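This report concerns only the one structure given below.
Nothing here was measured: the structure is a model prediction, and the numbers come from that model. Values reported hereafter were calculated over all heavy atoms of this structure, with side chains retained and with hydrogens, waters and symmetry mates removed.
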Amino acid sequence: MFIKMSPLCRAFAPRHRIPRLIVDRVTKRFFGSTILPAISSKGLVLGVYAAPDKTAKGLQGEISSTSLFQHFDAKFNGILGRTLVGTGYFDGNFKKGKLRVFHGLDQEYGTVIVVSLGVRGGVDGDLEKWDSQKENVRAAAGAAAIALRDLYVTEADVDTLGDAESAAEGSILRLFSYDELKHKDKRKRSLRLHPLVGEGHSSKTSSNDRWSRGVTLAEGQNYARSLMETPANLKVPKVLADRIASDLAGAPGLSVTIRDEKWVEDKGMGAFRAVSQGSDEPLRLVEISYTGRPDSKDVDVAVVGKGITFDTGGISIKPSLHMDLMRGDMGGAASTAASIWTASKLGIPINLIGIIPIAENMPSGKATRPGDVVRAMNGKTIQVDNTDAEGRLILADALCYAQEFKPRHVIDLATLTGAIRVALGNAAAGVFSNDEEMWALMSDAGIQTGDRVWRMPLFQHYADEMTDSLLADLNNVGKYAGGGSCTAAGFLAQFIGKGCKWMHMDIAGVSENKSEVPYLGKGFSGRPTRSLVEFFRQLSMKQTGS
C-alpha cells in the first residue's frame with residue numbers, strides 16, 4: 001500500500017519505486033514536530049560539511065561530505081543528497097551540529113543520521129586556542145549519538161568523520177549520564193558504537209586504534225564526572241579514598257596507598273587537619289603511583305588534586321542556594337585520579353605521582369574559627385580569616401608532601417575560587433605557572449583537546465597580599481578586594497620550593513557544564529582530565545625525543 005506523496009516528496013523521490021511511507025517519514029522528520037521511532041535497532045551516522053557560503057544560494061554544486069556519505073548516498077539511490085538539497089543545504093540551512101534523520105532506507109540500518117560538521121577547513125586564528133575541526137567533529141558525533149539513543153537505537157556504525165579519536169570522544173562524552181541511583185526504568189539506554197572507516201584513510205587499523213584511544217580518553221573524563229556527581233553522603237573521605245583505590249586496582253603500573261589521620265598528624269599537616277576537624281568524617285590522603293618508565297626512578301610529574309567532598313564553607317558558611325553543587329568541590333581530586341588512570345590505560349611512558357587530600361568542610365563546635373592560626377607542613381603559620389577559603393589550606397600541605405618525591409614538575413588543580421569563574425567563565429581553566437615550558441605544553445594540550453587553558457599572572461604583588469598577616473606568616477585571604485584567583489595562587493606559591501617547576505590550575509569555572517560545551521551535556525564536566533593526559537603524552541615525547 002502506498003501513501004499519497006507531497007509535491008516536495010515527488011520532486012526528490014528516486015526514479016524507481018521506493019515506498020512512499022519512507023519518504024513521508026523523512027519529510028515529517030524534517031518539517032514536523034514528531035520524531036518517529038526507529039523500525040530496527042541498528043543505526044548509521046554519516047558526516048556532511050556545511051555549504052561554504054550562503055551566497056551560494058541557488059547553486060546546485062556537489063555536497064561537501066565524507067567518503068562514507070558518498071558511498072551510502074549511492075547505496076540509497078541518492079535520497080540523502082536530494083533531501084539535503086531540498087531542505088536548504090545550499091541556502092546555509094545545515095549548520096554544524098544540525099541533523100537530518102532518515103528511517104527505513106534499507107534492512108540493515110533502521111535509522112540513518114546525517115550530521116553537519118560545519119564548514120570544511122575553517123580557520124581558527126591564534127586567539128581561539130583550539131582546533132575547530134576537532135571540536136566540530138566532537139560536537140557532531142555527540143549530537144548524532146544522543147539522537148540515536150533518544151530514538152531507541154541500541155547499536156550503530158559511526159562514520160569517523162575524518163578524525164576517529166575526536167569522533168569517539170564526542171560520542172562517549174555526550175552519552176554520559178549519572179543515573180545509577182535511579183530506578184532501572186528511568187536510566188538511559190546503552191548504545192554500542194562501532195567505527196566505520198571510509199576511503200582516503202591511511203589504514204583501517206590506524207583509525208580503529210585512534211577510535212579506541214578516543215574512547216579511553218572519554219571514559220577517563222567520564223570517570224571524573226561520575227566521582228563528582230556522586231552525592232556527598234556516598235563519598236565521605238574514607239569512602240571516596242577506598243573507591244579510588246578499588247577502581248584503579250589492577251591498572252598497569254598503578255599502585256594506590258591510603259593515609260589516615262594519624263599519618264597526616266605525624267607529618268605535621270596542620271593546615272589540612274584544620275579544614276577537616278569540623279567534620280565527624282575522618283580525613284584521608286590518597287597517593288597514586290604510576291610507573292610508565294620502569295627503567296627510571298625519577299618522578300616526572302606530581303599531580304595534586306583538591307578533594308573536598310562537601311564544602312559548606314565551615315563557620316564562614318555559604319548561602320544555601322545551590323549548596324548541593326558543593327558535592328563537586330573535589331573536581332581536582334577526580335581529575336587527578338582519572339588522568340593518571342587514563343595515562344596507565346594508554347601506556348604513556350611517564351612516571352607520575354598523584355596526591356589527593358580528602359576532607360569535608362563542615363561547621364561544628366570542633367570547627368576551625370575565623371582568626372585561628374594553624375601551622376602547615378613546611379612550618380609556616382597561617383591565619384585563617386575565612387574558613388570557606390579551605391581548598392588552599394589542604395593544597396598547601398599536599399604540595400609540601402608532593403615535593404618530597406623530588407618531581408621534575410608539579411601540577412595542582414582545584415575548584416578553588418569563584419573569582420576565576422568571573423574572569424574566564426566556562427571557556428578555559430585559569431593557569432598560573434612559574435615555568436614557561438610547562439605553560440607551553442599545557443597550552444598546546446588544551447588546543448588539541450578543546451579543553452582550553454588561559455594563563456593568569458603570578459605577580460609578587462599578589463603574594464605580598466597574602467604574606468601581610470597580623471597574627472601569622474600568611475593569611476588565607478587577600479588583603480584587598482579583587483584578584484581572588486591570583487591571590488590564591490600567590491598563597492600556594494609560598495609552599496613551592498626554590499627551583500620547583502610548578503603549575504596551578506584553578507578549574508572552578510570549567511567544573512560544571514550547562515550547554516557551553518555541546519558534547520558534554522548538563523552537569524559536572526570532569527575537565528581538565530583530557531588536557532592533563534595530553535600534557536603527560538607531550539611531556540613524555542619531549543623527554544624521550546620522540
Side-chain angles (χ1 to χ4, degrees), residues 97 129-130 134-135 138-139 141-143 145-146 166 168-180 188 214-232 235 240 303 305-309 311 322 324-342 356 391 411-418 420-431 442 445-454 485 505-535:
K129 299 298 181 185
W130 67 10
K134 287 180 176 292
E135 281 296 283
R138 293 182 185 110
I146 206 72
S166 296
E169 287 177 318
S171 300
I172 303 303
L173 288 169
R174 187 63 184 89
L175 289 171
F176 172 80
S177 176
Y178 183 80
D179 53 11
E180 60 191 69
K188 300 295 184 183
V215 169
T216 300
L217 288 164
E219 287 177 344
Q221 184 167 339
N222 285 347
Y223 175 62
R225 298 164 85 181
S226 177
L227 291 178
M228 294 178 74
E229 290 287 7
T230 301
K235 62 178 179 192
L240 179 60
V303 188
K306 171 187 169 185
I308 298 295
T309 58
D311 183 16
H322 303 313
D324 63 296
L325 295 177
M326 289 300 100
R327 70 185 185 277
D329 204 24
M330 34 63 70
S335 288
T336 296
S339 63
I340 297 175
W341 188 30
T342 304
I356 303 176
I411 299 175
D412 76 77
L413 57 154
T415 48
L416 203 63
T417 69
I420 201 67
R421 184 181 292 110
V422 173
L424 299 177
N426 185 269
V431 169
M442 187 60 77
I447 290 172
Q448 297 302 314
T449 63
D451 192 353
R452 295 178 287 189
V453 295
W454 192 257
S485 60
M505 303 183 73
D506 193 336
I507 61 173
V510 301
S511 65
E512 188 185 2
N513 193 71
K514 295 181 176 65
S515 60
E516 300 91 340
V517 181
Y519 53 86
L520 288 182
K522 186 178 180 180
F524 289 119
S525 68
R527 297 167 66 184
T529 298
R530 289 181 299 115
S531 288
L532 282 171
V533 177
E534 178 63 16
F535 176 90

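Side-chain atoms of N513 come within 3.5 Å of backbone atoms of G521 as a donor-acceptor pair (strictly under, hydrogens ignored). The backbone N or O of F524 lies less than 3.5 Å from a partner atom in the side chain of R225, making a donor-acceptor pair. The main-chain N or O of G332 is never found under 3.5 Å from a side-chain atom of S335 such that the two would form a donor-acceptor pair. Side-chain atoms of N426 come within 3.5 Å of backbone N or O of E512 as a donor-acceptor pair. For S525 (side chain) and V510 (main-chain N/O), a donor-acceptor pair under 3.5 Å exists by modelled atom type. S531 contributes no side-chain N or O that, together with a main-chain N or O of P528, makes up a donor-acceptor pair within less than 3.5 Å. At least one donor-acceptor pair under 3.5 Å links the side chain of K235 to the backbone N or O of T230.
Between the CD1 atom of I411 and the CG atom of L532 there is a distance of 6.0 Å, given to the nearest 0.5 Å. Taking CG from N222 and CZ from F176, the interatomic distance works out to 5.5 Å, rounded to the nearest 0.5 Å. Once rounded to the nearest 0.5 Å, the distance linking CZ of R421 with CG of L416 reads 11.5 Å. Taking CD from E534 and OG from S339, the interatomic distance works out to 12.5 Å, rounded to the nearest 0.5 Å. Atom CG in L520 sits 8.5 Å away from atom CZ in R174 (nearest 0.5 Å). Atom CD1 of residue I447 and atom CZ of residue R452 lie 10.0 Å apart, to the nearest 0.5 angstrom.
Taking all atoms of both residues into account, the shortest heavy-atom contact from M326 to D311 is CG-O, 3.1 Å. The two residues A145 and L175 have their closest heavy-atom pair at O-CD2, 3.7 Å. T449 and Y519 get closest at one heavy-atom pair: O-OH, 4.0 Å. Nearest heavy atoms, V533 versus L217: CG1-CD2, 3.7 Å. When all heavy atoms of D506 and S485 are compared, the closest pair comes out as OD2-CB, 3.8 Å. The two atoms that bring G97 and A143 nearest to each other are O-CB, 3.8 Å, heavy atoms only.
In this view, R327 and E229, D324 satisfy the salt bridge (charged side-chain N to carboxylate O under 4.0 Å, His left out) rule, not counting sequence neighbours. Taking R138 as the reference, E135, E169 meet the salt bridge (charged side-chain N to carboxylate O under 4.0 Å, His left out) condition, with sequence neighbours excluded.
Taking the charged nitrogens against the carboxylate oxygens, D179 and K188 have no contact shorter than 4.0 Å, which rules out a salt bridge.
Here the side chains of I507 and R527 are not in contact, with every heavy-atom distance at 4.5 Å or above. Contact check for Q221 versus L173: side-chain heavy atoms found under the 4.5 Å cut-off.
Remark: the S511 side chain and the T415 side chain contain no N/O donor-acceptor pair separated by less than 3.5 Å.
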Subject >> Stepwise side-chain contact (heavy atoms from CB on, under 4.5 Å) check, M330 with L240 >> reply: CA-CA 10 Å; M330 34 63 70; L240 179 60; 4.3 Å; yes

